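I have placed the structure first, in the form of structure tokens, so that the comments after it can refer back to it.
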Number of protein chains: 2
Amino acid sequence: MQKNNELSGVKEIARRANVSIATVDRVIHNRTGVSAKTKEKIEAIIKEMDYKPNLLARSLASRKVFRFAVLIPRESAETEYWKAPLEGINKAWAEIRMYGVEVVFFHYELNDRQTFNNEANKILKDSFHGILLAPSFISEALEFFYKCEAKKIKCVFINSDISNVSPLSYIGPDLFQSGKLAGNLSKYLIPDGGNILIFNVSRELGAEHHLLKKATGFKSYFEENNSSSTVNMLTVHRTDYDSVMAELAAYLKDSTVDLLFVTNSRVSTVAKYFETNNITNIKLIGYDYLTRNIEYLEKGIIDFLICQKPIEQGYKGLLTLYDYFVESEKIDKVQLMPIDILTKENYKYYKN
Amino acid sequence: MQKNNELSGVKEIARRANVSIATVDRVIHNRTGVSAKTKEKIEAIIKEMDYKPNLLARSLASRKVFRFAVLIPRESAETEYWKAPLEGINKAWAEIRMYGVEVVFFHYELNDRQTFNNEANKILKDSFHGILLAPSFISEALEFFYKCEAKKIKCVFINSDISNVSPLSYIGPDLFQSGKLAGNLSKYLIPDGGNILIFNVSRELGAEHHLLKKATGFKSYFEENNSSSTVNMLTVHRTDYDSVMAELAAYLKDSTVDLLFVTNSRVSTVAKYFETNNITNIKLIGYDYLTRNIEYLEKGIIDFLICQKPIEQGYKGLLTLYDYFVESEKIDKVQLMPIDILTKENYKYYKN
DNA sequence: TAGTAAATAGTGTACGTACCCGAAAATATA
DNA sequence: TATATTTTCGGGTACGTACACTATTTACTA
């Protein structure tokens, strides 16, 4: 069996247009050096043939290399979350490296905004075509983004977005809706009229903006449905177990809570507290498919986990840069991730 | 910026081994015509260099074509379900056709097992390297599978599996667990001790085996949890609205039902019945992200939809054949799909 | 109108691999 | 030893595209 030897490709275009391959090449890449007349003719033929360049041959012949930087938090002792996007990025890289894609990784600490600046500056000193970043710290990320724009470097955001700014694409959850879904799920856990606590656990204020979006979405569910539930919010600026425990204990001493919504992956910290103190009457909703969280989901201490495909975010993030540069495709400005619900019953089948 | 001009590729291997490129090529594809000594030497060098062939160049230079047949149900007036796998297949094909992949489609009617045989025979008369099929009718599919095995044609199953048979891969849901999850979801909808009805809607008995697996899984949840709920099952061998309606009405006249579990995408038919008859006190769980189902999910008539990534099933199905033949990768025998839960709140973000 | 610069078009090689074909070496047969 | 066979290997071209380099045509200047 043979590959389709139908006349196709630049050679056939050249033959039909009575020009050389090089001329066809010129109009395809719309370079200069072709008269308007021939250009028009060739373009017509290309359209008529519905010519699609052979990407294999193209990238084989091209000596071009695209360099992408990745700027995301380092996986921390407190949460393994960022392992997932990294895994997705590496998977994508493996698929496209033969097309001439180079990737350099830069990691900052989620509880230290200065490290973001350090890594960002390293990137700016080097030379990259595109950057895949998690803009955890709004003002720092914004500053960096503008510098990139000035240098004509394309950015793709993952995990959380920044308002009023337009990267090549945002790939991640709709944070508001994600929170709203959490609110909705509460109706399956407790009757209306209960006491609900939104619990934010985050060291850096700047990295917290996306948690607040979730909280807002969560609250909106109750407002829109004229719920008689009471929804309060508590924020802890420490992420270690003892601090979280202390703050939570203090709160629970004065107030009754029927359902607790943790706005990020730190839900396992709360679950651990519930477990050690034998608290079984508070329903618990949180985020992310992490081993520690799954453990508590399995045990029934966490009732629902909401997940947003972190691996896929990384995977799509790098592929988006690739599509833009190598395949020069038009890119969706926003690529929202699904809002997945994990329970004790279905988590085994989840693909992060 | 230039591509890595580090010495790599067959040329470098040939240089190091003091042989020609052709000889290296011979050992790579372990063809005959190379002395044991040189073969050994070249293999050592390949290992040492950790040589990875450039797939682009390989497939560009290769004149090989792989022909795959796709044998799945035609999208019917009653359910658009099979549009989704088809979409996934076409997406995958678009990505790999430049690697020399040909795909021919064959469609059978889900309510007529004879059409399966007709199409299957067409496939056997032609010449294909691999087949992607939905083995809806067990005995017919089994017969076809054995004929393919005899002709050394590789098969990939999607959507439902057949026991005691080993295709190249099965890509689809774990039907038992899927049903079990549905059972679990019931606890969020009705208190324990309720009356539950499993409802199968399927014309052909043979195409129903995977529905029964779901039903078994569903029941197992109640057994394992020592539930006091009553679980009955009803099967209708017509798929048109009037027949379904009649059967259901007859059943409901004699029995009270608190929750109804429809084992396939026909749940919208039931929902329509509920809507027109203003039945609001029966919770409804069903399958698949179809426009009609989503409509009733939005309206609150369907409470949960379970989805199993039909598009991805098709996508992965074709890619699996491709990986096996073109990239000669080792293939996972079973590729289970996630069991996704859709509610009114999160369906908008679902990727089928 | 020659002479020159600018615009336009063509030729040829390279990318990394596959594979045909023929040459050389090794072995077998006479 | 001469010839025929077989085994082993190298040369060279092709895949479809990119691009550097060269050749031709056209337009412009003096």
Side-chain angles (χ1 to χ4, degrees), chain A residues 1-43 45-46 49 51-66 97-101 325-328, chain B residues 1-43 46 49 51-66 97-101 326-328:
Chain A
M1 290 178 238
Q2 297 254 104
K3 245 165 203 168
N4 64 331
N5 31 7
E6 300 143 24
L7 302 321
S8 68
V10 283
K11 212 186 298 181
E12 173 64 11
I13 299 174
R15 197 188 60 76
R16 293 201 202 183
N18 259 319
V19 294
S20 76
I21 294 177
T23 304
V24 174
D25 186 74
R26 286 185 185 96
V27 346
I28 286 175
H29 295 279
N30 54 327
R31 275 174 235 151
T32 58
V34 185
S35 69
K37 200 168 42 176
T38 26
K39 179 168 181 176
E40 212 170 305
K41 183 160 74 170
I42 291 173
E43 272 168 348
I45 293 173
I46 287 178
M49 287 176 55
Y51 164 76
K52 296 268 181 288
N54 183 322
L55 295 178
L56 302 191
R58 166 168 292 179
S59 115
L60 187 63
S62 169
R63 309 295 298 129
K64 274 206 207 87
V65 158
F66 288 101
R97 63 190 323 159
M98 68 176 122
Y99 291 90
V101 174
F325 283 101
V326 184
E327 313 228 12
S328 52
Chain B
M1 289 175 240
Q2 298 254 101
K3 245 166 203 167
N4 64 332
N5 30 8
E6 300 143 23
L7 301 321
S8 67
V10 284
K11 211 186 297 180
E12 172 65 9
I13 299 174
R15 198 188 60 76
R16 294 202 201 183
N18 259 320
V19 294
S20 75
I21 294 177
T23 303
V24 174
D25 187 72
R26 285 183 187 98
V27 347
I28 286 175
H29 296 280
N30 55 325
R31 278 184 277 247
T32 59
V34 184
S35 69
K37 201 169 42 174
T38 30
K39 179 168 182 178
E40 214 169 304
K41 182 160 75 170
I42 291 173
E43 273 168 348
I46 287 178
M49 287 176 57
Y51 164 76
K52 296 268 181 287
N54 184 322
L55 295 177
L56 302 189
R58 166 169 291 180
S59 117
L60 186 62
S62 170
R63 308 296 296 130
K64 275 207 206 84
V65 158
F66 288 101
R97 63 190 323 157
M98 67 177 123
Y99 290 91
V101 173
V326 183
E327 314 228 11
S328 52

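The analysis underlying the following values was restricted to heavy atoms, covering all of them including side chains, and did not include hydrogens, waters or symmetry mates. A, B, ... follow the sequence lines: proteins, then strands. Residue 1 opens every chain. Since the structure is predicted, the reported quantities are computational estimates derived from the model, not experimental observations.
Following rounding to the nearest Å, B/Asp25 (CG) and D/dA14 (P) show an atom-to-atom distance of 17 Å. Atom pair A/Met49:CE and D/dG16:P shows a separation of 11 Å (rounding to whole Å applied). If you take NZ of A/Lys64 and P of C/dC15, they are 17 Å apart, rounded to a whole angstrom. The CG atom of A/Leu56 sits 10 Å away from the P atom of D/dT17 (whole-angstrom rounding). Between the CD1 atom of A/Ile28 and the P atom of D/dT17 there is a distance of 7 Å, rounded to whole Å. Atoms NZ (B/Lys11) and P (C/dG16) sit 6 Å apart, rounded to a whole Å. With rounding to whole Å, B/Met98 atom CE is found 13 Å from D/dT17 atom C1'. Following rounding to the nearest Å, A/Tyr99 (OH) and C/dG16 (P) show an atom-to-atom distance of 15 Å.
Under the 4.5 Å side-chain criterion, counting only non-hydrogen atoms from C-beta, B/Leu56 is in contact with B/Tyr99. No side-chain heavy atom of B/Val19 sits less than 4.5 Å from a side-chain heavy atom of B/Arg26. Two residues are said to be in side-chain contact when any heavy atoms from C-beta on lie closer than 4.5 Å; A/Lys39 and A/Asn30 meet this criterion. Residues B/Leu60 and A/Asn54 meet the side-chain proximity criterion, which asks for heavy atoms closer than 4.5 Å.
The side chain of A/Tyr51 places an N or O atom within less than 4.0 Å of a non-bridging phosphate oxygen (OP1 or OP2) of D/dT17. The phosphate of D/dG16 (OP1 or OP2) has no side-chain N or O of A/Arg58 nearer than 4.0 angstrom.
Residues meeting the side chain to side chain donor-acceptor pair (under 3.5 Å) test with A/Lys52, sequence neighbours left out: A/Asp50. Looking at residues two or more places apart in sequence or on another chain, you find a side chain to side chain donor-acceptor pair (under 3.5 Å) between B/Arg31 and B/Asp25.
Heavy atoms of A/Asn54 sit under 4.0 angstrom from primed sugar atoms or phosphate atoms, though from no base atom.
Checked for salt-bridge contact, A/Glu40 and A/Lys37 miss the test: no charged N lies under 4.0 Å from a carboxylate O.
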Could you write nucleotides 5-13 of chain D as a row of B, S and -, 5' to 3', where a protein heavy atom under 4.0 Å of any base atom gives B, of only sugar-phosphate atoms gives S, and otherwise -? ---BBBB--
